[in-house]
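When a ligand or atom number is given, it counts from 1 through the structure's own listing order. Below, all heavy atoms of this structure are taken into account, side chains as well, without hydrogens, waters or symmetry copies.
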Amino acid sequence: MIIILFGAPGVGKGTQAKLLQERKSFNHLSTGDLLRSAIKSGTELGILAKSFMDKGDFVPDQVVIAMVEELIKGKAHESFILDGFPRTDAQAVALDEMLARLGFEISAVVNLQVPDEDIIQRLSQRRVCLNCGATYNLLANAPKKEGVCDVCGNTLVQREDDSEVTIRKRLSLYQEKTVPLINYYHKTGKLREINAVGSVESINSQIIDILSVNS
Ligand code: AMP
């Protein structure tokens, strides 16, 4: 089973996907996390990806499509939650073709909606642990000790692409390239909209309700 979590950068896709992984045993497949991990390991893919990501640009389609296929192939009996993929027309078309070939079906496309100004506020307050991947918000979910990860004790940092200028660029790229996909998925009858301004728990239970109807 495949669930696509849709929404602009900063709407909380990663947070929700991690909860669904814990609570519903989905595999969380975040293309952003995979690319950051490649950057951390200093691989050729990581060096290429960094040059796009730091500027708030998309990594080329063929790179992310190959990455996703590599992870899901041979696992049609498992459930995946896609976080941050697809982001372009070409990725959506490649995903459909890949899923048909590998024997998967999309159960639901969940679109998390948050106004842009809230997103800018959320992302500029976001701090992340590059060691264990935990994320914090300095206003809503601050670490117990300033600048230190509660989970592993590593230093927290601001992602390079979470500066206000880069956030605005990511939001405009989202509008231009990714929003048209909402219509694409609307036509399949699988699109479900959620107002994602509320608490993490209330949004999570809305997603779980959708999944129970669509699984
Ligand atoms: P995210 O963590 O999902 O916000 O992704 C961070 C950055 O990784 C994005 O701004 C892009 O530069 C890159 N990225 C992640 N997923 C994709 C994708 N599906 N297509 C192209 N670039 C991506």
Side-chain angles (χ1 to χ4, degrees), residues 2-18 20-21 27-41 43-72 80-99 106 109-114 116 118-130 132-137 157-182 184-185 196:
I2 296 274
I3 304 293
I4 298 177
L5 261 194
F6 223 71
V11 295
K13 298 187 296 294
T15 304
Q16 293 299 333
K18 284 188 183 103
L20 293 169
Q21 179 168 34
N27 292 298
H28 174 199
L29 198 167
S30 155
T31 41
D33 284 353
L34 290 168
L35 293 166
R36 278 184 289 278
S37 149
I39 292 176
K40 197 172 159 202
S41 316
T43 62
E44 221 171 284
L45 165 67
I47 293 163
L48 172 86
K50 187 169 169 36
S51 65
F52 292 94
M53 289 167 76
D54 283 353
K55 290 185 284 179
D57 288 330
F58 285 165
V59 172
D61 286 333
Q62 67 275 21
V63 173
V64 278
I65 291 166
M67 214 169 63
V68 171
E69 174 147 14
E70 188 57 33
L71 273 156
I72 67 171
F80 287 85
I81 184 137
L82 301 188
D83 159 11
F85 181 90
R87 265 173 151 103
T88 63
D89 268 352
Q91 291 178 20
V93 170
L95 179 65
D96 280 349
E97 185 274 326
M98 183 194 308
L99 296 182
I106 296 176
V109 180
V110 179
N111 185 26
L112 302 178
Q113 293 176 301
V114 173
D116 277 7
D118 289 30
I119 289 178
I120 291 165
Q121 232 257 3
R122 283 188 194 186
L123 289 183
S124 56
Q125 299 296 323
R126 178 162 73 177
R127 296 295 180 273
V128 297
C129 174
L130 295 181
C132 73
T135 60
Y136 300 86
N137 181 287
V157 296
Q158 183 170 33
R159 273 172 46 174
E160 293 205 30
D161 57 352
D162 278 349
S163 69
E164 185 167 339
V165 174
T166 313
I167 294 167
R168 289 197 185 274
K169 180 161 178 195
R170 290 162 65 200
L171 288 175
S172 87
L173 202 55
Y174 176 76
Q175 279 299 329
E176 184 196 343
K177 302 275 187 200
T178 311
V179 165
L181 298 186
I182 293 174
Y184 179 82
Y185 287 115

Fill in the blank from the handout: For Leu35, the atoms of ligand 1 under 4.0 Å from one of its heavy atoms are 8 (O), 13 (C), 14 (N), 15 (C)
Problem - Any Phe85 heavy atom less than 4.0 Å from ligand 1 - result: yes
Fill in the blank from the handout: Nearest non-hydrogen protein atom to atom 9 (C) of ligand 1, with distance, is Arg87 NH2, 3.9 Å
Problem - Criterion side-chain contact (heavy atoms from CB on, under 4.5 Å) on Asp161 and Lys169, from CA distance to verdict - result: CA-CA 10 Å; Asp161 57 352; Lys169 180 161 178 195; over 6 Å; no
Exercise for the section: Please report the shortest heavy-atom distance between Ala49 and Leu35, naming the atom on each side. Expected result: CB-CD2, 3.8 Å
Exercise for the section: Using distance alone, decide if ligand 1 has a nitrogen or oxygen within less than 3.5 Å of any nitrogen or oxygen in Gly84. Expected result: yes
Completion exercise
When every non-hydrogen atom of Leu171 is compared with those of Ala8, the smallest separation belongs to CD2-CB, 3.9 Å
Exercise for the section: May I ask you to check whether Asp57 has an N/O atom sitting below 3.5 Å from an N/O atom of ligand 1? Expected result: yes
Practice task
Give the numbers and elements of all ligand 1 atoms closer than 4.0 Å to a heavy atom of Val64.
Solution key: 18 (C), 20 (N)
Practice task
Consider every N or O of Asp83 and every N or O of ligand 1, then say whether any pair is closer than 3.5 Å.
Solution key: no
Practice task
Spell out, as yes or no, whether a donor-acceptor pair under 3.5 Å connects the side chain of Arg122 to the backbone of Asn137.
Solution key: no
Practice task
Please write down residue, atom name and distance for the protein heavy atom closest to atom 22 (N) of ligand 1.
Solution key: Val59 N, 3.0 Å
Practice task
Can you tell me which residue pairs pass the salt bridge (Lys or Arg N to Asp or Glu O under 4.0 Å) test with a partner in residues 43-53, sequence neighbours excluded?
Solution key: Lys50-Asp54, Lys50-Glu160
Exercise for the section: Could you tell me whether Lys50 approaches ligand 1 through its side chain, its backbone, both or neither, with non-hydrogen atoms closer than 4.0 Å? Expected result: neither
Completion exercise
For Thr31, the atoms of ligand 1 under 4.0 Å from one of its heavy atoms are 15 (C), 16 (N), 17 (C), 19 (N)
Exercise for the section: Would you check if there is a donor-acceptor pair between the side chains of Gln91 and Asp61 at a distance under 3.5 Å? Expected result: yes
Problem - Any donor-acceptor pair under 3.5 Å from Ser41 side chain to Ser37 backbone - result: yes
Practice task
Using a 4.0 Å heavy-atom cut-off, say whether Gln91 meets ligand 1 through its side chain, its backbone, both or neither.
Solution key: side chain
Handout entry: Pair Asp57 + Lys177, salt bridge at N-O below 4.0 Å
Key = no
Handout entry: N/O donor-acceptor pair under 3.5 Å between Lys13 side chain and Gly7 backbone
Key = yes
Fill in the blank from the handout: Per-atom filter on ligand 1: closer than 4.0 angstrom to a heavy atom of Arg159 are 1 (P), 2 (O), 4 (O), 6 (C)
Handout entry: Identity and separation of the nearest protein heavy atom to atom 7 (C) of ligand 1
Key = Met53 CE, 3.7 Å
Exercise for the section: Say whether Lys13 and ligand 1 are in contact under the criterion: heavy-atom distance to a ligand atom below 4.0 Å. Expected result: no
Handout entry: Atom indices of ligand 1 within 4.0 angstrom of Gly32 heavy atoms, with elements
Key = 2 (O), 5 (O), 15 (C), 16 (N)
Exercise for the section: Note the single closest protein heavy atom to atom 10 (O) of ligand 1, along with its residue, its atom name and the distance in Å. Expected result: Arg170 NE, 3.9 Å
Practice task
Dump the intermediate steps for side-chain contact (heavy atoms from CB on, under 4.5 Å) on Leu71 and Asn27, then the final yes or no.
Solution key: CA-CA 10 Å; Leu71 273 156; Asn27 292 298; over 6 Å; no
